[in-house]
*Asks:* 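I'd like to ask some things about the structure below.
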Amino acid sequence: MINIAVLVSGSGTNLQAIIDEVGKGHIPAKIAFVLSDKKDAFALERARKAGIETITLDKKDYKKREDFDRKIIERLKNKNVELVILAGFMRLLSSYFVREYRNRIINIHPALLPSFKGSHGIKDALAHGVKVTGVTVHFVDEHLDNGPIILQKTVDIKEDDTEETLLERIHKEEHKAYPEAIKLFVEGKLEIKGRKVKVKYEVVRR
Ligand code: GRF
C-alpha cells in the first residue's frame, strides 16, 4: 500500500471525496498527512475528523518559495510519500518541488485543459460562452495547468447557469474524477509517454 499526501488551501470537498474512497477501501493507499498553507482551511477540519495527521506551513516563515517547498519535500520524504495530490492548493510549486517528485504530483482543474487555465477556470468558461466545460486531472510540471492529462469529464453549460450552479455540477464531476485518477495511479495503471498518459486497463479474457 503506498503513502499519499494531499495539499490543500480551502474547503476541501475534493479531499473529502478522496478520504471517503480511501475509507471504503476503493483506493489502496494511506493518506500520510494533509498539508495546508492556510491554518484556517476547512479541509484541515475534515482531515482531523478522519484521524489524519495535519500540517500547516505559513509562507511568512519562509523567505523564498523554494525554502517553503523544501520543508514540504522534507515532510513528504519523511513519510515515504509516493504521490502528492494537489486539491485546491493555491500555491505554485517551485521547479525544485516538481523535480523532486517528477510524475508523482497530480492536480485537478475545473475546466477542460488547455482551455481556461489559472485560478478562475469556471468564471472564465462562463464568460467565454462555451457550451461545454468540465474537469481535468493532470500531472504537474513546471508550467501552470500544463502537465500530461490523466482524465477529463465534461459538463454541459446551461443558458441560465451562474458561477454557483456551474460550480456545483463541476464539483460533482471532480469528486468522481479525482478518486478515479488516484486509484489508477496507485494501482500502477498510468504510463506517461511525452505529453500523453496511457491508461493500462486490464483485458478481461473469457
Ligand atoms: C476545485 O474546484 C479544484 O478544481 C480547484 O480548486 C477547487 C478546490 O475545491 N483546483 P475544494 O477545496 O476541493 O472544495
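We number each residue from 1, following the sequence as shown. Both counts, for ligands and for their atoms, begin at 1 and track the order of listing.
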*Asks:* Strictly below 4.0 Å, N to O, side chains only: are K176 and E180 in salt-bridge contact?
*Replies:* no
*Asks:* Within 45° of the six-membered ring axis of Y96 and under 6.0 Å from that ring's centre, is NZ or CZ of R70 located there?
*Replies:* yes
*Asks:* Taking only heavy atoms of E174, which atoms of ligand 1 are found under 4.0 Å from at least one of them?
*Replies:* 1 (C), 2 (O), 3 (C), 4 (O)
*Asks:* What residues, two or more places apart in sequence or in another chain, satisfy ring pair (Phe, Tyr, Trp, His ring centres under 6.0 Å) together with F89?
*Replies:* none
*Asks:* Quick one: look up the protein heavy atom nearest atom 8 (C) of ligand 1 and list residue, atom name and how far away it is.
*Replies:* G88 CA, 3.6 Å
*Asks:* If you measure every N/O of G12 against every N/O of ligand 1, is any gap under 3.5 Å?
*Replies:* yes
*Asks:* What protein heavy atom is closest to atom 14 (O) of ligand 1, reported as residue, atom name and distance in Å?
*Replies:* T13 OG1, 2.5 Å
*Asks:* Within less than 4.0 angstrom of ligand 1, does A43 place any heavy atom?
*Replies:* no
*Asks:* Does N14 reach ligand 1 with a nitrogen or oxygen that is under 3.5 Å from one of the ligand's nitrogen or oxygen atoms?
*Replies:* yes
*Asks:* Please, which pairs that meet salt bridge (Lys or Arg N to Asp or Glu O under 4.0 Å) have at least one residue in residues 128-152, sequence neighbours excluded?
*Replies:* R102-E142
*Asks:* Report yes if some N/O of I108 lies less than 3.5 Å from some N/O of ligand 1; otherwise report no.
*Replies:* yes
*Asks:* Using the ring of Y101 (Phe, Tyr or Trp, six-membered ring only), decide whether R104 places NZ or CZ under 6.0 Å from its centre and within 45 degrees of its axis.
*Replies:* yes
*Asks:* Would M90 count as a contact residue for ligand 1, given that I'm defining contact as a non-hydrogen atom of the residue lying under 4.0 Å from a ligand atom?
*Replies:* no
*Asks:* Would you please say whether a donor-acceptor pair under 3.5 Å links the side chains of E174 and N14?
*Replies:* yes
*Asks:* Going by atom types only, do D20 and Q16 share a side-chain donor-acceptor pair under 3.5 Å?
*Replies:* yes
*Asks:* Against heavy atoms of P110, which atoms of ligand 1 measure under 4.0 Å?
*Replies:* 4 (O)
